[in-house]
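Since the structure comes first, as structure tokens, the remarks are kept for the end.
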Amino acid sequence: METTLTPHVYWAQRHGDIYLRVELSDAKNLDICVQDNTLQFKAQGHGAKGDNDYEFSLDFLEPVKPEVSHRSTQRLVNVTVRKQEQRWWDRLTLQERKPLFLAPDFDRWLDESDAEMELQAKEEEKINKVSIESRIPYLGLKKGYLFMYNLVQFLGFSWIFVNMTVRLFILGQDSFYDTFHTIADMMYFCQMMAVAEVINPLVGLVKTGVFPAMIQVVGRNVILFVIFGSLEEMQNKAVVFFVFYLWSTIEIFRYPFYMLACIDTDWKLLTWLRYSIWMPLYPLGVLAEAIAVIQSLPIFDETRLYSIPLPTVLGSSFSFSFTLKIYLVLMFLGLFINFRHLFRQRRRRMRSRKRKMN
């Protein structure tokens with residue numbers, strides 16, 4: 001004949017809940033309920049006295065809700081009872097002397113002050129969740145705008161890259177000398193759009209630095225609009241091909257990376273290319289830009305384009321080519337600044353990927 005026994009029970013509380021851990025493995029035929037503010041527990045399982053029927057009852061110190069939730073595992077039964085009022089109890093049971101089978105659950109035990117801190121943290125989490133949910137329309141518009149911007153730029157530079165590559169294979173070196181006339185309109189469009197890369201961090205849409213973006217955008221637009229766009233003599237030179245080709249090669253990897261980041265997608269190969277391919281291509285691009293500036297100097301001296309007339313006492317005019325010589329120095333200074341910025345970005349990114357893998 002099986003004897004009814006009492007299992008070991010461990011308890012802990014929060015301001016709104018009572019947690020009970022019943023040491024009963026392989027429990028079955030569970031009967032758990034709250035009647036007249038008393039918890040009744042009956043079950044069959046393996047406890048301290050082997051396989052038997054186990055039961056106990058607890059008269060709670062203060063009113064609790066009649067609903068009881070429980071979850072059993074192979075090792076134990078977890079029971080949760082909700083308090084009628086959210087407040088801290090001095091003890092669990094109505095009688096001052098606790099039952100012999102009852103002990104504190106030190107795995108879940110908190111003092112009242114610690115429980116209040118936990119409750120406050122949960123409240124703050126709820127507030128933050130509501131705040132985030134209220135910002136979802138803004139976040140959706142922001143991600144949508146950034147996704148579309150990067151998509152348009154990717155399509156534009158892809159068209160440039162594919163067009164130039166096909167013409168190179170068909171026409172060979174002859175394609176070097178008419179690049180501007182076939183590609184310039186699309187390049188104008190892409191580089192005017194790129195001004196957004198300076199505006200976006202300024203208004204807080206992206207977290208990247210303003211200064212590195214401004215160096216690249218201003219530098220490219222000086223080459224495109226001032227050097228190539230203003231001087232017809234420069235538009236037929238082979239350097240245009242190399243500048244445009246190097247720019248587009250970098251961007252066909254950069255823009256899809258940022259585009260996929262807007263939808264929380266990471267392709268390992270694309271990420272590696274985004275943070276690696278610029279290392280040889282970016283200095284080559286700056287070198288090609290510098291060659292274009294040097295080739296334009298005698299043309300600006302001859303045409304006096306953008307030169308500023310000066311009083312006779314000071315001289316005939318202030319040559320724009322002198323400004324370009326200063327710009328050449330600044331160009332290589334910008335190369336150093338941006339190279340260091342991009343290298344730090346790459347190092348941070350690769351470190352974070354290694355931590356995720358580990």
Side-chain angles (χ1 to χ4, degrees), residues 142 145-161 164 179-180 183-231 234-235 239-259 261-262 274-275 277-293 296 306 320 323-324 326-346:
K142 171 186 166 183
Y145 157 71
L146 292 174
F147 181 88
M148 289 305 300
Y149 167 77
N150 287 291
L151 175 62
V152 170
Q153 289 289 71
F154 169 62
L155 292 175
F157 279 105
S158 295
W159 183 90
I160 292 171
F161 179 82
M164 293 180 68
T179 297
F180 185 86
I183 303 297
D185 288 341
M186 182 60 73
M187 188 61 79
Y188 280 143
F189 171 79
C190 291
Q191 284 307 125
M192 286 188 290
M193 286 276 292
V195 175
E197 294 179 30
V198 180
I199 298 172
N200 290 341
L202 275 174
V203 298
L205 288 175
V206 295
K207 295 180 180 179
T208 55
V210 177
F211 191 57
M214 188 167 60
I215 290 175
Q216 176 168 305
V217 172
V218 172
R220 286 188 177 182
N221 284 345
V222 167
I223 298 299
L224 178 61
F225 291 96
V226 178
I227 304 299
F228 295 154
S230 300
L231 301 176
M234 289 295 301
Q235 294 171 5
V239 70
V240 178
F241 173 90
F242 292 102
V243 170
F244 284 7
Y245 204 69
L246 288 166
W247 288 356
S248 61
T249 305
I250 293 173
E251 304 303 15
I252 60 174
F253 297 110
R254 187 168 72 96
Y255 285 116
F257 170 80
Y258 288 125
M259 183 177 68
C262 293
R274 157 57 186 113
Y275 286 101
I277 202 167
W278 61 267
M279 288 191 286
L281 296 183
Y282 183 54
L284 286 174
V286 174
L287 180 61
E289 293 171 22
I291 292 171
V293 172
S296 72
Y306 302 132
F320 184 68
T323 305
L324 288 178
I326 298 173
Y327 175 74
L328 270 174
V329 177
L330 295 176
M331 183 185 296
F332 286 99
L333 178 62
L335 168 64
F336 171 75
I337 294 171
N338 257 9
F339 197 93
R340 186 175 62 174
H341 169 72
L342 291 169
F343 186 77
R344 286 175 177 173
Q345 271 191 336
R346 183 181 191 277

Residues which pass side chain to side chain donor-acceptor pair (under 3.5 Å) with Asn200, listed by chain and number, not counting sequence neighbours: Tyr145
Using the side chain to side chain contact (heavy atoms under 4.5 Å, CB included) rule, take Phe244 and Ile223 through it: C-alpha gap first, then chi angles, then the decisive distance, then the call. CA-CA 10 Å; Phe244 284 7; Ile223 298 299; over 6 Å; no
Tell me the closest heavy-atom pair linking Leu231 and Ser296, and the distance in Å. CD1-CB, 3.8 Å
Can you check side chain to side chain contact (heavy atoms under 4.5 Å, CB included) on Met234 and Val240, steps first, answer last? CA-CA 8 Å; Met234 289 295 301; Val240 178; 5.6 Å; no
Got Val243 and Phe180 here, is their nearest side-chain heavy-atom distance under 4.5 Å? no
Partners of Tyr245 by ring-ring contact (aromatic ring centres under 6.0 Å, His included), sequence neighbours excluded? Phe161, Phe241
All heavy atoms of Leu205 vs all of Leu146, minimum pair found to be O-CD1, 3.9 Å
In short, Asn221 meets Gln191 closest at the heavy-atom pair OD1-CB, 3.2 Å
What's the separation between atom CG in Leu246 and atom CG in Leu287, rounded to the nearest 0.5 Å? 9.0 Å
Under the side chain to side chain donor-acceptor pair (under 3.5 Å) rule, collect the residues that match up with Glu289, sequence neighbours excluded. Trp247
Ignoring hydrogens and angles, write down the donor-acceptor pairs under 3.5 Å from the side chains of residues 151-160, residues two or more places apart or on other chains.
from, atom 1, to, atom 2, distance (Å)
Gln153, NE2, Tyr149, OH, 3.4
Gln153, NE2, Cys190, O, 3.0
Gln153, NE2, Tyr255, OH, 3.3
Ser158, OG, Phe154, O, 2.6

Got a sec, which residues hit side chain to side chain donor-acceptor pair (under 3.5 Å) with Thr249, two or more places apart in sequence or on another chain? none
According to ring-ring contact (aromatic ring centres under 6.0 Å, His included), does anything in residues 189-226 pair up with another residue at least two apart or in another chain? List the pairs. Tyr188-Phe225
If you round to the nearest 0.5 Å, how far is CG of Leu330 from OG1 of Thr323? 10.5 Å
How close do Leu335 and Pro283 get, counting heavy atoms only, and between which atoms? CD1-CA, 4.1 Å
By ring-ring contact (aromatic ring centres under 6.0 Å, His included) - contacts of Phe320 (at least two apart): Phe300, Tyr306
Going by salt bridge (Lys or Arg N to Asp or Glu O under 4.0 Å), name the pairs with one or both residues in residues 200-215, residues two or more places apart or in two chains. none
Say you draw a straight line from CE of Met186 to CE of Met164; how long is it, rounded to the nearest 0.5 Å? 13.5 Å
Sequence neighbours left out, what passes side chain to side chain donor-acceptor pair (under 3.5 Å) with Arg254? Give chain and number order. Glu197, Glu251
Using the salt bridge (Lys or Arg N to Asp or Glu O under 4.0 Å) rule, collect all pairs that involve residues 240-249, keeping only residues at least two apart or in two chains. none
Nearest heavy-atom approach of Pro201 to Ala196 is CD-O, 4.4 Å
Counterpart residues, side chain to side chain contact (heavy atoms under 4.5 Å, CB included), relative to Ala290 (two or more places apart): Leu328, Met331, Phe332
CG (Leu342) and OH (Tyr282) are apart, to the nearest 0.5 Å, by 6.5 Å
State, yes or no, whether a side-chain contact exists between Asn150 and Phe257 at a heavy-atom distance under 4.5 Å. no
Taking only residues two or more places apart in sequence, or in another chain, which ones meet Phe253 in a ring-ring contact (aromatic ring centres under 6.0 Å, His included)? none
